[in-house]
2 protein chains.
Amino acid sequence: MTIRQMCELFDVTPRTLRFYESRELISPERRGQHRLYNRRDRARLKLILQGKRFGFSLEDIRQLLELYDPRENNVTQIAATIEASRQRLADMTRQQEELTVAIDELRQRIGNAERMLEDRRRG
Amino acid sequence: MTIRQMCELFDVTPRTLRFYESRELISPERRGQHRLYNRRDRARLKLILQGKRFGFSLEDIRQLLELYDPRENNVTQIAATIEASRQRLADMTRQQEELTVAIDELRQRIGNAERMLEDRRRG
DNA sequence: GCAAAAGTTGACGCGAACGTAAAGCAAAAC
DNA sequence: GTTTTGCTTTACGTTCGCGTCAACTTTTGC
């Protein structure tokens with residue numbers, strides 16, 4: 001799959017893909033000079049974009065990707081990856097709890113505002 | 001409450017508080033030249049920091065704050081605020097759904113990695 | 001075979017969200 | 001009473017995550 005096809009599939013620009021590659025988040029094969037993306041690359045990109053929506057930095061995401069398909073077989077490296085991942089998991093569970101509360105409150109606020117707006121419009 | 005007290009309470013720098021003020025996210029009183037923060041300011045700052053953890057921009061957050069305690073009484077303004085807030089709510093619910101799935105998967109990955117690590121250490 | 005399209009590597013630019021250093025004022029401590 | 005402490009504004013600097021040329025090669029269509 002070419003870079004253009006990837007861009008259309010995931011709604012990103014070529015610049016973005018090359019940038020992620022420069023940060024070692026993806027590493028497509030080369031046919032001559034051109035890049036070729038396979039299933040693994042697509043899976044990684046999907047995770048990258050998801051991680052971004054959760055507010056993680058690209059460096060955080062890079063570490064998570066190590067867990068999802070490891071390149072390093074060093075034992076201490078793996079342990080470090082696990083530890084970093086545990087931290088991300090803690091971030092995510094806390095965020096989930098906060099989200100639940102925040103969503104509930106936001107719904108109520110919107111409801112109030114809607115009623116207030118209706119009152120204003122009538123009288 | 002002085003700027004320094006705010007900083008300690010919320011673990012931010014004075015620069016950050018002044019920056020948020022310049023973006024009209026908070027507007028503390030003045031005693032002479034000095035800033036004084038009240039309960040309302042603290043509530044707003046709490047929401048700001050929470051919004052940031054959810055990955056919202058300061059501009060997104062500014063619009064949400066309008067909903068939480070409105071300054072504008074203009075009807076069309078209120079309607080716009082409600083609409084923007086609905087969008088944020090949609091973002092948040094989607095993020096919540098994604099988070100649930102992602103947390104589940106990450107837990108499994110960590111579990112796998114831990115078992116793998118144990119195997120390596122033994123053999 | 002040759003132009004156009006698609007891809008490549010620099011390199012500089014940019015907005016967001018602050019960091020940081022400089023220079024000054026003002027109340028408070030000694 | 002002057003030195004320290006705490007806050008102020010002004011302004012330039014920095015990092016992240018790309019956007020945007022520019023200049024070049026490579027592949028593809030006709």
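These numbers were taken from a predicted model, which means no experiment stands behind them. All chains are named by letter (A, B, ...) in the order of the sequence lines, taking the proteins before the strands, and each is independently numbered beginning at 1.
The nearest whole Å value for the distance from the CD atom in B/Glu21 to the C1' atom in D/dT10 is 15 Å. Across the protein-nucleic acid pair, B/Gln33 atom CD and D/dT10 atom P stand 10 Å apart, rounded to whole Å. Counting to the nearest Å, the P atom of C/dA16 and the CZ atom of B/Phe19 are 8 Å from each other. Atom-to-atom, CZ of A/Arg18 to P of D/dG19 comes out at 11 Å; the value is rounded to the nearest Å. Per the geometry, CG belonging to B/Asp11 stands 12 Å off P belonging to C/dC18, to the nearest Å. For the pair A/Glu59 CD and D/dT15 P, the interatomic distance rounds to 15 Å; values are reported in whole Å. One interatomic measurement links the two molecules: CD1 of A/Ile26 to P of D/dC18, which rounds to 11 Å at whole-angstrom precision. Distance A/Leu45 CG to D/dC18 P: 11 Å, rounded to the nearest Å.
Comparing B/Ser57 and A/His34 by the nucleotide of DNA chain C that holds the closest heavy atom to each, the one mapping nearer the 5' end is A/His34. For the pair B/Tyr20 and A/Tyr37, nearest-nucleotide mapping onto DNA chain C gives the more 5' position to A/Tyr37.
For A/Ile3, whose side chain is taken as the heavy atoms from C-beta onward, the closest listed nucleotide among C/dT9, D/dT9, C/dG7 is C/dG7. Side-chain proximity of B/Leu58 to D/dT9, C/dA17, D/dC7: nearest is C/dA17. The listed nucleotides are D/dG17, C/dT9, C/dG19; the one nearest the side chain of B/Thr16 is C/dG19.
Salt bridge absent: B/Asp91 and A/Arg53 never bring a charged side-chain N and a carboxylate O closer than 4.0 Å.
Side-chain N/O atoms of A/Arg109 and A/Asn112 include no donor and acceptor closer than 3.5 Å. A donor-acceptor pair shorter than 3.5 Å cannot be found between the side chains of A/Gln63 and A/Thr81.
Residue A/Arg30 is classed as a sugar-phosphate contact, given heavy-atom separations below 4.0 Å to backbone atoms only.
The phosphate of D/dC16 has neither OP1 nor OP2 within less than 4.0 Å of any side-chain N or O from A/Lys52. Put simply, A/Thr13 has no side-chain N or O that comes within less than 4.0 Å of OP1 or OP2 on D/dC18. Using a 4.0 Å cut-off, some side-chain N or O of A/Arg35 falls inside it from OP1 or OP2 of C/dT9.
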Test log, rule side-chain contact (heavy atoms from CB on, under 4.5 Å), inputs A/Leu45 and A/Met6: CA-CA 9 Å; A/Leu45 182 56; A/Met6 281 289 279; 3.7 Å; yes
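Interface remark: the A/Arg15 side chain does form a donor-acceptor pair with the D/dG19 base, using a distance-only criterion of under 3.5 Å.
Hydrophobic clustering (ILVMFWY, side-chain heavy atoms < 4.5 Å, transitive): B/Leu25 and B/Leu36 are in distinct clusters.
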